[in-house]
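Just so we're clear, the structure is a prediction, and the values are computed from it rather than from any experiment.
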Amino acid sequence: MTNSVRVRYAPSPTGYPHVGNIRTALFNWLFARHHGGSFIVRIEDTDVTRKVRGAVKGILDGLRWLGLDWDEGPEVGGKYAPYFQSQRLEIYSETAQRLISQGDAYYCYCSTQRLKEMRAEQVGRKQPPGYDRLCRHLTQEERAQKEAEGITPVVRFKTPLGGQTRFNDLIRGEVVFDNNTLDDFILLKSDGYPTYHLANVVDDHLMEITHVLRAEEWLSSTPRHLLLYRALGFEPPQFAHLPMLLGTDRSKLSKRHGAVSITEYREQGYLPEAMVNFLALLGWSLDDKTELMSREELIQSFSLERISRTAAIFNQDKLNWMNGVYIRSLTADEFFEAVEPYLMMNIPAGEALISSEEYVRDILPLVQERARTLAEVAELAQFFFIDQLDYEPGLLIGKNMSRQSAIQALKAAQQRLSQLEAFDAGSLEALLRPLAVELGLKTGQLFGTLRVAVTGRTAAPPLFQTMAVLGKERCLRRIEAALARL
RNA sequence: GGCGCAUUCGUCUAGGGGUUUAGGACACCUCCCUCUCAAGGAGGAGAUCACCGGUUCGAAUCCGGUAUGCGCUACCA
């Protein structure tokens with residue numbers, strides 16, 4: 001297949017995998033899969049000072065968790081290896097050398113101190129800050145002089161002084177920049193590492209990337225990249241700048257908006273399918289109503305044309321809703337599998353799981369439709385796992401009930417229940433409903449009192465099923481304990 | 001400050017000159033179901049389509065300007 005689509009996800013391992021970043025990965029992946037192309041992961045570890053240990057693993061684990069498999073990249077290798085930019089340093093410095101000898105780049109010896117002062121002065125004069133090109137015209141002697149002083153230079157690109165750079169963004173349409181608003185940006189840092197601009201352009205070319213789908217924050221850098229492609233004689237890929245993801249206050253999504261790392265969402269018990277579905281809808285839509293879509297459906301219907309141009313706010317409420325939908329759609333076995341690790345993290349639930357998986361499996365259907373996250377499950381089912389219920393005794397006395405009537409109700413229930421042979425939901429209902437009438441209570445009153453006695457809560461799964469799962473022993477003991485509290 | 005991008009219910013969005021009294025979803029409210037909570041069902045409220053001009057018989061949709069927001073303006077990506 002010729003002209004096959006090749007896209008890449010190029011994260012920088014400077015922290016944990018941010019959902020905004022992962023959304024970019026998702027769009028790239030969907031685009032590649034939709035077109036039967038290749039999805040490549042390339043680690044852009046060119047900033048030694050910001051490198052974070054374990055970040056690469058976090059990113060890859062995040063992709064794996066969401067089911068975003070890559071055709072080339074770390075662990076799987078590929079024709080264009082290596083896929084870590086820190087292992088491709090020679091390529092970049094050779095390219096920089098070539099640019100210098102072509103006259104498209106030059107050494108710059110300016111100190112960070114001078115650069116800082118220059119910028120401060122420019123800002124003070126309300127001038128746009130930017131490199132003043134001092135070293136662009138250094139003579140041979142001046143350069144030799146600087147070298148003799150032992151200054152390690154950086155390499156800067158000779159940005160054309162005039163003209164315009166334009167391109168057709170696949171999402172935003174034609175974008176035009178005047179070259180004179182661009183300064184002579186750095187290609188190679190003094191530590192020998194390339195900047196994003198150089199490494200990105202070189203690798204996208206070498207790895208034969210056909211489409212660059214990246215966040216909007218890169219839009220302003222695109223003319224620099226285009227200028228580089230031209231100087232290098234490379235044919236540029238197509239660009240598509242994705243809308244950004246914002247926090248609830250419309251600023252760039254960050255820590256203070258809550259969870260931002262995909263790892264955190266995983267820990268909180270969001271299902272990967274829900275996460276993929278939700279993230280896909282942030283900046284992309286199929287039509288005016290379709291919202292619930294599987295990975296396959298997303299792949300099939302994904303297209304660049306339907307990506308929106310406006311930044312999107314990450315709506316946690318909607319994610320919660322969607323995750324609940326996905327949780328409810330799970331079969332009993334799938335739900336058990338999914339929730340098991342979360343139960344193990346909760347001490348009483350974990351112990352129950354170890355001592356009787358059957359018991360836990362009986363409990364799960366009662367909480368499945370009430371949980372929005374897997375982490376919530378242990379909390380919702382907590383009363384199934386502990387013996388000492390902790391609740392306000394007053395809760396046993398329902399609306400329009402007296403302490404006396406609550407005691408009377410519990411005693412009567414205790415008495416009847418102890419004689420009940422078949423302790424299943426149907427039998428319990430057949431026994432308890434008439435009992436309410438007998439006691440002159442509304443069903444809601446009797447059941448409410450029993451619910452608190454048996455679960456310690458006013459909101460819980462349906463009473464009869466709950467009691468059936470708890471079993472006769474436990475129910476009677478809890479009623480006894482409730483009586484003691486009144 | 002300069003440059004760039006954007007602007008439809010609180011939020012995600014549909015819509016791209018007449019089919020729109022601007023549709024859907026989340027959240028919110030009411031009712032139904034009901035032993036509570038969920039889930040489900042039926043409704044409701046919520047957007048003068050940022051603003052001002054222009055083009056047109058007709059504009060949320062096209063054009064211009066303004067405002068606002070965001071991004072870039074690093075030997076960070």
Side-chain angles (χ1 to χ4, degrees), chain A residues 10-14 44-47 49-50 108 110-112 115-116 119 122-131 152-156 169 171-172 175-178 180-183 185-191 193 195-197 199-200 214-223 241 243-244 246 248 250-252 278 281-292 306 308-322 324-325 328 366-372 380 398 429 432-433 436 442-452 455 457-464:
Chain A
S12 185
T14 54
E44 310 223 324
D45 51 350
T46 56
D47 187 347
T49 61
R50 291 209 305 154
C108 169
C110 294
S111 67
T112 47
L115 261 20
K116 210 178 122 194
R119 263 190 295 269
Q122 287 166 333
V123 171
R125 287 201 326 255
K126 301 228 173 186
Q127 294 287 308
Y131 182 56
T152 317
V154 299
V155 175
R156 284 185 187 272
D169 187 276
I171 294 172
R172 283 149 221 284
V175 184
V176 185
F177 290 83
D178 283 327
N180 63 20
T181 62
L182 272 28
D183 71 351
F185 56 97
I186 293 174
L187 297 172
L188 215 55
K189 304 181 237 181
S190 57
D191 64 0
Y193 277 73
T195 57
Y196 172 90
H197 307 303
N200 200 260
R214 54 167 33 161
E216 194 197 331
E217 54 192 302
W218 294 108
L219 189 63
S220 308
S221 306
T222 307
H241 289 93
M244 306 241 308
L246 270 25
T248 40
R250 295 216 150 269
S251 66
K252 206 167 170 175
F278 177 72
L281 257 19
L282 248 31
W284 177 86
S285 64
L286 174 60
D287 53 32
D288 59 341
K289 35 189 62 102
T290 312
E291 299 219 279
L292 267 10
R306 298 205 57 87
S308 121
R309 285 156 308 267
T310 46
I313 291 176
F314 191 93
N315 187 181
Q316 185 83 36
D317 276 337
K318 190 150 184 174
L319 206 213
N320 287 339
W321 163 75
M322 193 172 276
V325 171
R328 274 174 253 130
L366 298 181
V367 291
Q368 184 171 4
E369 68 174 303
R370 292 171 174 74
R372 290 181 311 174
L380 286 171
E429 181 161 14
L432 264 11
R433 279 196 188 277
K442 287 185 177 167
T443 51
Q445 293 176 309
L446 204 221
F447 299 166
T449 295
L450 278 174
R451 172 174 299 105
V452 172
T455 69
R457 305 178 179 196
T458 52
L463 220 216
F464 313 125

Tell me which donor-acceptor pairs under 3.5 Å the side chains of residues 443-451 of chain A have, and how far apart each pair is, sequence neighbours excluded?
unit_1   : atom_1 : unit_2   : atom_2 : d
A:Gln445 : OE1    : A:Lys442 : N      : 2.8
A:Gln445 : NE2    : A:Lys399 : O      : 2.7
A:Thr449 : OG1    : A:Leu396 : O      : 2.8
A:Thr449 : OG1    : A:Gln445 : O      : 3.1

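Pairing of B:G1, defined by two Watson-Crick or G-U wobble distances under 3.5 Å, is identified with B:U73. Using N1 to N3 plus N6-O4 or O6-N4 for Watson-Crick, or N1-O2 and O6-N3 for G-U wobble, each under 3.5 Å, B:C37 pairs with nothing. Searching all strands for a Watson-Crick or G-U wobble partner of B:G64 with both distances below 3.5 Å returns B:C52. B:U19 is unpaired under the Watson-Crick or G-U wobble criterion, no partner having all donor-acceptor distances under 3.5 Å. Look at B:C28: its Watson-Crick or wobble partner, with both distances under 3.5 angstrom, is B:G44.
Using a 4.0 Å heavy-atom cutoff across all strands shown, A:Ser12 reaches sugar-phosphate atoms only and no base atom. Note on A:Val154: a base of the nucleic acid sits closer than 4.0 angstrom, heavy atoms only. Note on A:Pro461: a base of the nucleic acid sits closer than 4.0 angstrom, heavy atoms only. As judged by a 4.0 angstrom heavy-atom cut-off over every strand, A:Arg328 is placed among residues touching the sugar-phosphate backbone only. As judged by a 4.0 angstrom heavy-atom cut-off over every strand, A:Tyr196 is placed among the base-contacting residues. Across all strands, A:Thr46 comes closer than 4.0 Å only to sugar-phosphate atoms, never to a base (heavy-atom distances). Looking at heavy-atom distances under 4.0 Å, A:Gly324 makes no contact with the nucleic acid at all. In this structure, A:Thr310 reaches the sugar-phosphate backbone alone: every heavy-atom distance under 4.0 Å involves primed, P, OP1 or OP2 atoms, never a base. Nucleic acid contact for A:Ala460: base, since at least one base atom lies under 4.0 Å from a heavy atom of the residue. Looking at heavy-atom distances under 4.0 Å, A:Arg50 makes contact with a base. Within the 4.0 angstrom heavy-atom criterion, base atoms lie near A:Glu369. Using a 4.0 Å heavy-atom cutoff across all strands shown, A:Arg309 reaches at least one base atom of the nucleic acid. A:Thr112 comes within contact range of at least one nucleobase, with a heavy-atom separation under 4.0 Å. When heavy atoms are screened at a 4.0 angstrom cut-off, A:Phe464 is found touching base atoms of the nucleic acid.
Considering A:Glu216, A:Arg214, A:Arg172, A:Glu217 as possible partners of A:His241, the one that fulfils the side-chain hydrogen bond (donor to acceptor under 3.5 Å, both in side chains) test is A:Arg214.
Taking atom P on both nucleotides, B:C12 is separated from B:G53 by 29 Å, rounded to a whole Å. Atom name C1', nucleotides B:C33 and B:G40: the rounded distance is 8 Å, in whole Å. Separation of the P atoms belonging to B:G23 and B:A60 is 14 Å when rounded to the nearest angstrom. Comparing the P positions of B:C52 and B:U61 gives a spacing of 13 Å, expressed to the nearest Å. Look at the P atom in both B:C57 and B:A14: the space between them is 31 Å, to the nearest Å. Here the separation of B:C75 from B:A47, taken at their C1' atoms, is 48 Å to the nearest Å. Comparing B:U48 with B:C9, their C1' atoms sit 13 Å apart, to the nearest whole Å. Going from the C1' atom of B:G17 to that of B:U56 covers 9 Å, rounded to whole Å.
Interatomic distance, A:Leu281 CG to A:Ser308 OG, rounded to the nearest 0.5 Å: 11.0 Å.
Judged by distance alone, with hydrogens and angles left aside, the side-chain atoms of A:Gln122 form a donor-acceptor pair with the main-chain N or O of A:Gly130 at under 3.5 Å. Although no hydrogens or angles enter the test, the distance criterion places a donor-acceptor pair under 3.5 Å between the side chain of A:Thr195 and the main chain of A:Ile186. When atom types are taken as modelled, the side chain of A:Lys189 and the backbone of A:Thr46 share a donor-acceptor pair closer than 3.5 angstrom. A:Asn320 places no side-chain N or O within donor-acceptor distance of the main-chain N or O of A:Arg372, the cut-off being under 3.5 Å.
Residue whose closest nucleotide on RNA chain B sits further toward the 5' end, between A:Ser308 and A:Glu429: A:Ser308. The 5' end of RNA chain B is approached more closely, in terms of each residue's nearest nucleotide, by A:Asp178 than by the other of A:Arg119 and A:Asp178.
Interface limits on RNA chain B: the 5'-most and 3'-most nucleotides within less than 4.0 Å of chain A heavy atoms are B:G1 to B:A77.
Ring pair A:Tyr196/A:Trp218 is parallel by interplanar angle, where below 30° counts as parallel and above 60° as perpendicular.
Evaluation of the side chain to side chain contact (heavy atoms under 4.5 Å, CB included) rule for A:Ala371 yields A:Glu376, A:Val377, A:Leu380 as partners, not counting sequence neighbours.
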